[in-house]
Amino acid sequence: MLPLLKTAVPGPESRRLAAALARVESRNITFLSEGFPVFWDRAEGAAVWDVDGNRFLDLTSGFGVAGLGYGEKTLVAAVADQAGKLLHGMGDVHPTALKAELCAELSRLTFEAWGAGPGKVILGCTGAEAVEAALKTAALATGKRGVLAFRNGYHGLGYGALTVTGSDFFRAPFAGQLADFAHFVPYPDAGTDPVTYAEALALHFGSFAHPIGAIGAIVVEPIQGRGGQNIPPAWFLPLLRRLADGAGAVLIFDEIFTGWYRTGRRFACDYDGVVPDLVCLGKALTGGFPLSACVGKAAVIDAWPKSTGEALHTSTYLGNPLGCRMALESLRLLEEPGLGETVARKGEVLLAALRELEAKEIGFARARGRGLMAGIDVIDQEGNPDPARAGAIVEGMLAEGVILLSDGPERNTLAFTPPFVLGEEELRWAVGRLNAWGESSSRSDSSQGG
Ligand SMILES: Cc1ncc(COP(=O)(O)O)c(C=O)c1O
């Protein structure tokens with residue numbers, strides 16, 4: 001379903017709502033500009049309708065959540081059925097059968113599938129909470145406070161998750177209140193030489209200030225998502241596994257974005273055959289309910305003491321029955337045979353189109369992707385990152401009916417994480433529109449001197 005616009009974008013109702021929202025919401029939250037935002041009304045598959053009746057093509061899956069697409073019929077039916085039965089339970093006191101079923105399913109699809117089972121689970125609501133549960137688990141399991149994390153890594157914005165998020169943009173305003181237990185090292189580019197990288201790490205941790213033995217956890221995204229769709233070389237995760245084992249540290253994979261077939265395999269780490277000690281899951285796990293999970297090897301999670309009636313780590317909505325039901329139904333759909341192959345095939349179509357775009361030399365560089373997680377950088381005529389043009393493209397594409405986001409440390413990466421149901425023709429069409437943007441901006445570069 002290609003875009004179908006009934007009004008200029010944003011339309012009059014979106015504009016009215018934006019003005020109303022601006023009066024009552026923190027001005028830091030919703031980005032408001034001439035071209036942003038459109039207010040969503042309903043969605044189906046990869047199509048989103050706004051309050052003005054315009055139909056958009058969503059290339060983001062709503063931050064990677066709607067892998068299965070929007071409005072999947074059996075998922076919606078499960079929500080309706082569950083809503084009629086029980087909306088809320090007492091997660092850590094009197095839970096539901098659904099929570100037990102979901103934890104068993106998460107164990108089966110992670111550590112049991114990796115041959116390292118059984119796994120044990122700590123449920124949460126947001127991705128940040130899953131990461132924080134993992135950090136606490138690692139501290140209990142190792143008794144060590146140091147954490148190795150990566151520049152441009154993104155793990156969420158609660159204080160715990162922010163402590164290991166490697167972005168100055170998010171950290172700087174709160175630096176005075178952030179704990180100092182994370183040591184940030186570079187995330188390697190695809191072409192990085194393993195020996196040089198290992199030597200650089202050894203230098204970093206060789207000093208008295210940073211003894212590697214003080215590291216209790218390594219937390220890493222197997223592909224950096226918000227940090228710019230960075231795909232590391234194949235030696236990277238095995239190196240981290242060896243490093244964690246050598247340091248007596250817990251290896252945490254944050255698969256919140258990459259998990260559940262986003263990259264064509266159930267988990268991005270499956271490409272390298274590396275098994276973590278803890279894995280953080282969220283986003284597509286439910287397809288639209290705030291539920292996350294930290295799943296770990298049973299022996300590692302058993303570092304937590306047995307509850308004596310007051311859990312050390314819980315929250316009001318832990319194991320919410322609606323979320324558990326949605327997760328169980330989503331997992332059933334995600335695990336249908338052939339989904340990974342479909343994502344991988346569509347990913348190849350997307351990457352080929354992005355590479356073609358790059359080859360035209362019209363201000364796009366570094367096309368990259370794995371499965372339906374891809375990116376391309378917007379650069380100026382000198383080859384430098386061009387976040388202003390990336391922003392203009394994002395707004396311009398919205399005006400044409402395509403929902404797209406830019407990310408990366410320089411905000412110049414166009415990120416593609418569409419729903420798996422998006423058709424190959426629609427993918428080619430959307431990248432074709434970028435082509436027009438590249439050509440028009442290179443024309444205006446030469447006529448107006450940038
Ligand atoms: C890899 C990764 N980890 C953690 C998070 C944080 O998740 P949430 O926004 O649900 O807290 C995100 C969100 O984009 C993410 O991409």
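Atoms within each ligand, like the ligands themselves, are counted from 1 in listed order. Everything numeric here is computed off the predicted structure, so don't read it as measured data.
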* **T126: numbered ligand 1 atoms lying under 4.0 Å from its heavy atoms** => 10 (O), 11 (O)
* Regarding S33 and E395, is there a side-chain donor-to-acceptor distance under 3.5 Å anywhere? -> yes
Starting from [atom], which protein heavy atom do you reach first, and at what distance in Å?
atom                    : value
atom 16 (O) of ligand 1 : F257 CD1, 3.4 Å
atom 14 (O) of ligand 1 : K283 NZ, 2.9 Å
atom 11 (O) of ligand 1 : A128 N, 2.9 Å
atom 15 (C) of ligand 1 : Y154 CD2, 3.8 Å

Residue-ligand contact [X]/ligand 1, heavy atom below 4.0 Å:
X    : result
Q224 : no
D254 : yes
F63  : no

* For ligand 1, is any non-hydrogen atom under 4.0 Å from E221's backbone (N, CA, C, O), its side chain (CB onward), both, or neither? -> side chain
* So is there a nitrogen or oxygen of R226 less than 3.5 Å from a nitrogen or oxygen in ligand 1? -> no
* Asked: Do any nitrogen or oxygen atoms of G127 lie less than 3.5 angstrom from nitrogen or oxygen atoms of ligand 1?
  -> yes
* Structure fact -> Heavy atoms of V164 and R171 approach each other most closely as N-NH1, 4.2 Å
* **Centroid-centroid under 6.0 Å between W260 and F267 rings** => yes
* Salt-bridge criterion met for E255 and R262 (N-O under 4.0 Å) -> no
* **Lys/Arg-Asp/Glu bridge criterion (N-O < 4.0 Å) met for R265, D272** => no
* Structure fact -> With R325 as partner, the option from T96, D81, T286 fulfilling side chain to side chain donor-acceptor pair (under 3.5 Å) is D81
* **Distance in Å, L372 CG paired with L351 CG, rounded so as to fall on 0.5 Å steps** => 10.5 Å
* Would you check if the side chain of E44 reaches a backbone N or O of V48 as a donor-acceptor pair within less than 3.5 Å? => no
* Asked: Do any non-hydrogen protein atoms sit less than 4.0 Å from atom 8 (P) of ligand 1?
  -> yes
